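Below: the structure, in structure tokens.
Every chain is numbered from 1, with letters handed out A, B, ... down the list of sequences. Note that this is a predicted model, so its numbers are computed, not measured.
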Protein chains: 2
Amino acid sequence: MNTLNDNTIAIVDDHLLFASSLEKLINSFQGFRVLFKAQHGLDLIDKLQNLNDLPDIILLDINMPVMNGFETLKWLTENHPTIRVLSLSMDDNEMYILKMLKEGAKGYFLKDIHPKTLEKALLEVMERGFYYSELVTNAMVNSLHSDLPDLDPEFNKNELQFIKLACSELTYKEIADKMKLSPKTVDGYRQDIFKKLGLRNRVGLVMYALKNKMINI
Amino acid sequence: MNTLNDNTIAIVDDHLLFASSLEKLINSFQGFRVLFKAQHGLDLIDKLQNLNDLPDIILLDINMPVMNGFETLKWLTENHPTIRVLSLSMDDNEMYILKMLKEGAKGYFLKDIHPKTLEKALLEVMERGFYYSELVTNAMVNSLHSDLPDLDPEFNKNELQFIKLACSELTYKEIADKMKLSPKTVDGYRQDIFKKLGLRNRVGLVMYALKNKMINI
DNA sequence: TAAAAAAACAGGAAAAACCCTGTATAATCT
DNA sequence: AGATTATACAGGGTTTTTCCTGTTTTTTTA
């Protein structure tokens, strides 16, 4: 085991138990070694800046506190475009997959894959630069013939707050009170958002917000 | 390392990568060794019946396909009450914690705990029979002064189907059509369920269903 | 099989959600 | 400064949801 020539890996995941365990697994792969672990995006940025050694590959979780996988990936492609980022999530949500690929991820895996698959993927990413599982290619193909609504619509602060409050049992009138706005204004937000996202009613909005992790359960 | 006297552990988790990694971690703990892994409850039952050796401890995930953690724990307490079951989840949802403890779990951990904590917990469970983290004791204390609605209300088939459909963009009339029932009957379901769960409106029902994993996002 | 319980269904009414169109005001740009 | 654009807000109507109180029908149980 030539430690010097090993490909180095960083793990970014808030589940310490998972990260620590995965570290052991990866260190048991020939030719790979975990350089460091981080709990979330900010932690990663901090560690990248205080270390003089960059990892070859970053395994990046999506759901994390403080700074999530999307934001982190965006930062990485801007600041360290040479590092290959593989997304490692529990969610097979197609929107997630497409969003991460669009941002420049070199692969997307579910946490239920077999260790051997991960090993193969790591090797392939080092050789070819990417690894697209069937999950990923399917998502890409599907995205071609289904016209999904706007992949990443923008919401301003008020709209975001409205969406959060709309996912509670508050009536729109109560939401308007909380936001110190007229009920009519709030109704305007609702209408704009419904049109932007192609929704029929409030339940659709709640499901949308959940799918896109705009709120936590 | 006396393999014969090691305490044995079974891991039940559908995330193969996590399970395999955790296995390596636990095998590195002194005095513990992973006997086998299962992907979900049914798989566990199968393996318990085909092996002549029972594990001392089972680490049980909650969110799993086929047979989830709640159902699995119920089966275990009925069929193998001597096995100590520790719940290992990503959700700090208080309802989850209480439900699992009520069913007889000897502990409840989040996946973001430190490996050392897990090791300590495993040791303590073997010595004292249980390990209650701060998370768990807090949940228990809170449950004393807040009168949560019915911890585990029962729903019949129609109610369950109604709840699932209510989490979509369908109107109640459309739901009634789908269920081949009168809209008034469906409205009766709604009213009963709202009262049973203390809900104000449909969004509340959607959030309830999500918190209790009655539907998937 | 008669009584009790549960499930299906109704009438009717108030509240909330939904939808369209239009105006005043504030912010931004040329 | 004047034009453009975005934001806040209104009027007013339709649909859906929510809620209350019943009756009829079916199923369960004694």
Could you tell me the separation between the [atom1] atom of [X] and the [atom2] atom of [N], rounded to a whole number of Å?
X: B:L205; N: D:dT17; atom1: CG; atom2: C1'; result: 13 Å
X: B:E154; N: C:dA7; atom1: CD; atom2: P; result: 12 Å
X: A:F162; N: D:dC9; atom1: CZ; atom2: C1'; result: 15 Å
X: B:K173; N: C:dC9; atom1: NZ; atom2: P; result: 16 Å
X: A:D192; N: C:dA17; atom1: CG; atom2: C1'; result: 16 Å
X: A:F155; N: D:dT7; atom1: CZ; atom2: P; result: 13 Å
X: A:E159; N: D:dA8; atom1: CD; atom2: C1'; result: 13 Å
X: A:L199; N: C:dA17; atom1: CG; atom2: P; result: 16 Å

query: For A:K184, what residues pass the side-chain contact (heavy atoms from CB on, under 4.5 Å) criterion, not counting sequence neighbours?
result: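 A:K184: side-chain contact (heavy atoms from CB on, under 4.5 Å) contacts with A:S182.
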- prompt: Could a donor-acceptor pair under 3.5 angstrom be found where the side chain of A:D187 meets the base of C:dC18?
  reply: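 Check fails, no donor-acceptor contact within cut-off.
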- prompt: Does any N or O donor sit under 3.5 Å from an N or O acceptor when you compare the side chain of A:K184 with the base of D:dG12?
  reply: yes
Shortest side-chain distance from [X], nucleotide among [options]:
X: B:R202; options: C:dC19, D:dT17, D:dT7; answer: D:dT17
X: B:T171; options: D:dT17, D:dT7, C:dC20; answer: D:dT17
X: A:Q191; options: C:dC18, C:dC20, D:dC19; answer: C:dC20
X: B:S182; options: D:dT18, C:dA10, D:dA8; answer: C:dA10
X: B:N201; options: D:dT18, C:dA8, D:dT16; answer: D:dT18

message: For B:L181 and B:R200, find the nucleotide of DNA chain C closest to each by heavy atoms; which residue's nucleotide sits nearer the 5' end?
response: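 On the 5' side of the pair lies B:L181.
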field: 5' priority, DNA chain C, between A:L170 and A:K195 [closest heavy atom]
entry: A:L170
Under 4.0 Å from OP1 or OP2 of [N]: is there any side-chain N or O of [X] that close?
X: A:N158; N: D:dT7; result: no
X: A:Y172; N: C:dA15; result: no
X: A:R190; N: C:dC19; result: yes
X: A:Y189; N: D:dC9; result: no

N-O pairing of B:K111 and B:D61 below 4.0 Å: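 Yes, charged N to carboxylate O under 4.0 Å.
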query: So what does A:T185 touch, heavy atoms closer than 4.0 Å: a base, only the sugar-phosphate, or nothing?
result: base
message: Can you confirm if the NZ or CZ of B:R202 lies within 45° of the ring axis of B:Y172 and under 6.0 Å from the centre of its six-membered ring?
response: yes
field: Axial cation check for A:Y131 ring with A:K106, 6.0 Å and 45° limits
entry: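 Relative to the ring axis of A:Y131, which defines the angle, A:K106 lies outside at least one limit.
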query: Do B:F70 and B:Y96 make the cut of ring centroids closer than 6.0 angstrom?
result: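 Ring centroids of B:F70 and B:Y96 are less than 6.0 Å from each other.
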Derivation of the side chain to side chain contact (heavy atoms under 4.5 Å, CB included) call for A:V12 and A:F36: CA-CA 9 Å; A:V12 189; A:F36 65 85; 5.8 Å; no
